Structures are given as C-alpha cells and as structure tokens.
**Student:** 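I'd like to ask you about the structure that follows.
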Amino acid sequence: MPYRAEYIWIDGRKPTALLRSKTKIVPDGGEPPIWGFDGSSTEQAPGEASDCVLRPVKVVPDPIRGGDDKLVMCEVLNTDMTPHESNTRVLAVEAQEKYGDQDPWFGLEQEYTFYKDGRPHGWPIGGFPAPQGGYYCGIGADEIWGREVVEDHTWACLEAGLSISGTNAEVMIGQWEFQIGPLGPVDVGDQLWIARWLLYRIAEDYDISATLNPKPVKGDWNGAGMHTNFSTSAMRESWDPIIAACEALGEVAQEHVANYGAGIEERLTGLHETAPWSEYSYGVSDRGASVRIPWQVDNDKKGYIEDRRPNANADPYVVASMITNTVCSKLAG
Ligand code: ADP
Ligand code: MN
Ligand code: MN
Ligand code: MN
C-alpha cells in the first residue's frame, strides 16, 4: 500500500516563523524523498524563482492518520542544495558537531495559550475571568479549559515516539505547558517543532487554536515562555561547571535575549515570575532570576540550569545552538 507522508517545514515569516505542511503519497515501501514547494507563498522566495527544496530530517509515525502514514520533518534548502537563509537547523547541527564531545542536553518547557472564538479559551464574553491564582495545575471545569486537547496531544507525542516528559496547566486561564527532552541541540529542535505541529493540528479538530504568543493578555496575566533546561556532562558531574555556565551566559546576556523570540521585552518585565530583559541574574530556586539553579541541583552540587528567558515563540534550534556555543566554549577553555 502507498502511504501518506505529511511534510512539515518552517516558513520564512518575520519576526516569527510559522509551520507549514502538505501531503505526499509515497509508493509502497519507499522512503520519503526530497520534495519541493512554492517559496513565494511562504516568504521564502520571489515569484520568478519560487522553488524551494524540502529535505527530510526526521520521519516518525503519524499518530493522527495512523497505519503506515508518516510525519516528515524537513529542512528547507535552495535549489543548489545549500541551506536556505530561513534554515536555522544548520546552526544546531554546527553546534552539535563542534561541542558534541561535551554531550549537551536540553529539556524545553513549551508554554502555549488556547484561543477559542477569538479570545483565550475560558475568557467570558464581555467580562473578565477570575484573577489568576487557581488555574496553575488546577482541576475542575471552573479552572480548566482545553484539557481534552492536551490529553490527545500528549498521547500523539508518545505514539510518534517523541521524548515528551510531562504536561501541566499554567498560571493564566487557558494556558498550558508540555516538556520535551532532555535531548541534544538538534534532536530537541526537531522534536519540539513536530510537537508544535501536532498541537496545532489536534486543536483544529476542537475548533481551538493554540498560540505561542509570549504575552497574550496584557496586564496582570502571566506570559508564555520556553524555559530551557541545559546541562553538559561536566555539569552533570560537579558544581563548578554549573556556576561557570551561569557566568558565561551573563557575559553575552543581551545577545541571547535578542534571539530568544519576538516581543521578549513585553514578557520579561520583572513581574509574573520573570527577570527584566535588560538585566542578567542567576540564583538557586529563584523564579525571578534570568537563570535558575533548581534546589535539587544545589543540594546534589551537580545537574543542570534553567534559562527562564526564552519566549514561547522562540526557535529551539537558535536557542539550543546559542546556549551550546556560549557555555561549551567556556567550559572547554
Ligand atoms: P519547572 O520546575 O521549571 O516547571 P519542568 O519539570 O517543567 O520544570 O521541566 C524540567 C525540564 O528539565 C524537563 O524537560 C526535563 O527533561 C529537563 N531536565 C532534567 N534534567 C536535565 C538535565 N540534566 N539537562 C537538561 N535538561 C534536564
Ligand atoms: Mn515547567
Ligand atoms: Mn511553566
Ligand atoms: Mn520552568
């Protein structure tokens, strides 16, 4: 039997790229081949030279269609097979090749917000919901909106073989989180992009849209981040490299913040469990610091650190490559 391969790629939208996908029928027994698309419709090419190339980088079972059908995560190339300028995966591949001997691991906490009928899911028409306080890890129909989507999504990630490590309802109404990892810089990016695609696709069936907007509601409501937990083999073994990693991130703090997702100034205000975007700090258990050392790590004197700054709409290939380069170059030196 031929099977359906859903080719997924990242487009050229600025400042925040979106996911696109289309279906190819692949003949019985064949591997998903290199394919192409119209880059003039995705902000990746001019109309007179519109062809862009899709190269499969990760193929997983399609948990929505089932059977022999597949999801095919792709990278975008130019027709001469060089990486397209929108292709940030190559940055993660470079970082992995350069510093793979330090075995960098990433665990990403992807926060997101459900929208229904043009407003955050659970937001009443013409009024306001109860202030945040009961929604985080809440239970009951007065606290929780969209759990059916979350449950389907978690199961789909497992069926697709992704390293999803947990989910929770978040502080703002209609806001949730799932975690992917720990994995290396390339794998964590591939898997997070596939998990994002599955989230959008599954929510479609409920007439709900999932968004990665970093500050969906202004005022006294939490934003949405992509906390990035990071370690190297040295950090997993002793304390000094943990502190060295925190210090190294401080030396290039503004460069990192500038690449951690559009609209980061609106989210990193210093309120709502964030540190101000313009200042850098780190500390044990401190959810008001840029980088947190979890209490268990302080206790064991080894483990990992959490960079709390990346936005929900950050590109995991960019974030993982920057942290790998910044920290591993320091630890190697
Ligand atoms: P939080 O308390 O900030 O909400 P979570 O439990 O949501 O933390 O996420 C913690 C993340 O850290 C998980 O994705 C987990 O896989 C990841 N993690 C655990 N150990 C390591 C490690 N040694 N290196 C990198 N990431 C790790
Ligand atoms: Mn979390
Ligand atoms: Mn969270
Ligand atoms: Mn966190």
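As the structure lists them, so they are numbered: ligands from 1, and atoms in each ligand from 1. Reckoned from all heavy atoms, side chains included, excluding hydrogens, waters and symmetry mates. All residue numbers in this chain count up from 1 along the given sequence. These numbers come from a predicted model, not from an experiment.
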**Student:** Going by the ring pair (Phe, Tyr, Trp, His ring centres under 6.0 Å) test, which pairs reach into residues 211-243, not counting sequence neighbours?
**Tutor:**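 Those involving residues 211-243 are F106-F230, W123-W221.
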**Student:** For atom 10 (C) of ligand 1, state which one of N229, L183, I305 supplies the nearest heavy atom.
**Tutor:** N229
**Student:** Polar contacts were defined as any N/O atom of the residue lying under 3.5 Å from an N/O atom of the ligand; does this apply to R308 and ligand 1?
**Tutor:** no
**Student:** Does NZ in K24 sit with more than 12 non-hydrogen atoms of other residues, nucleotides or ligands closer than 6.0 Å?
**Tutor:** yes
**Student:** Count, excluding waters, the protein N, O or S atoms that are closer to the Mn ion (ligand 3) than 2.8 Å.
**Tutor:**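 Excluding waters, the total comes to 3.
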**Student:** With the Mn ion (ligand 4) as the point of reference, which N/O/S atom of E306 is the closest?
**Tutor:** OE2
**Student:** I'd like to check which ligand 1 atoms, numbered from 1 as shown, lie under 4.0 Å from a non-hydrogen atom of E177.
**Tutor:** 7 (O)
**Student:** I need the atoms of ligand 1 closer than 4.0 Å to a non-hydrogen atom of G181, numbered in the order shown.
**Tutor:** 16 (O)
**Student:** Any donor-acceptor pair under 3.5 Å linking the side chain of Q254 with the backbone of W277?
**Tutor:**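 Yes; at least one donor-acceptor contact below 3.5 Å.
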**Student:** For atom 27 (C) of ligand 1, state which one of G166, P182, S231, S285 supplies the nearest heavy atom.
**Tutor:** P182
**Student:** Could you list which atoms of ligand 1 come closer than 4.0 Å to a heavy atom of R292?
**Tutor:** 1 (P), 2 (O), 3 (O)
**Student:** Do I173 and F128 have side chains that approach each other closer than 4.5 Å (heavy atoms only, starting at C-beta)?
**Tutor:** no
**Student:** Using a plain distance cutoff, I'd like to know if N168 has any nitrogen or oxygen under 3.5 Å from a nitrogen or oxygen of ligand 1.
**Tutor:** no
**Student:** Using 0.5 Å steps for rounding, measure from the CZ atom of R201 to the CD1 atom of I8.
**Tutor:** 11.0 Å
**Student:** Do we get K22 above F37's six-membered ring, with its NZ or CZ under 6.0 Å from the centre and within 45° of the axis?
**Tutor:**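 Because its charged atom misses either the 6.0 Å distance or the 45° angle limit, K22 does not stack over F37.
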**Student:** Give me the nearest non-hydrogen protein atom to atom 19 (C) of ligand 1 as residue plus atom name, then the distance to 0.1 Å.
**Tutor:** Y304 CE2, 3.9 Å
**Student:** Please list every donor-acceptor pair under 3.5 Å in which a side-chain atom of residues 51-60 meets a protein atom from a residue at least two apart or in another chain.
**Tutor:**
residue : atom : partner : partner atom : Å
R55     : NE   : E75     : OE2          : 3.2
R55     : NH2  : E75     : OE2          : 3.1

**Student:** Is there at least one pair of N or O atoms, one from R236 and one from ligand 1, spaced under 3.5 Å apart?
**Tutor:**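 In fact, backbone or side chain, R236 has no N or O that close.
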**Student:** For ligand 1, which atoms, with element, lie under 4.0 Å from some heavy atom of E306?
**Tutor:** 3 (O)
**Student:** Please list, chain by chain and in numerical order, all residues satisfying side-chain contact (heavy atoms from CB on, under 4.5 Å) with Q96, sequence neighbours excluded.
**Tutor:** P185, V186
**Student:** Quick one: does ligand 1 sit under 4.0 Å from the side chain of M235, the backbone, both or neither, non-hydrogen atoms only?
**Tutor:**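 Answer for M235: neither.
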**Student:** Between E170 and ligand 1, find which residue part has any heavy-atom pair under 4.0 Å and reply side chain, backbone, both or neither.
**Tutor:** neither
**Student:** For the atom pair CD (Q110) and OG1 (T167), what is the distance rounded to the nearest 0.5 Å?
**Tutor:**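 Reported value, rounded in 0.5 Å steps: 13.0 Å.
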**Student:** Does D103 pair with R236 as a salt bridge, N-O distance under 4.0 Å?
**Tutor:** yes
**Student:** Would you say the side chains of Y136 and N168 form a donor-acceptor pair under 3.5 Å?
**Tutor:**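 On atom types as modelled, these side chains do not qualify, holding no pair under 3.5 Å.
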**Student:** Considering non-hydrogen atoms of the protein only, which is the closest contact for atom 13 (C) of ligand 1, and what is the distance?
**Tutor:** S165 OG, 4.0 Å
**Student:** Is there any N or O on E109 that sits under 3.5 Å from an N or O of ligand 1?
**Tutor:** yes
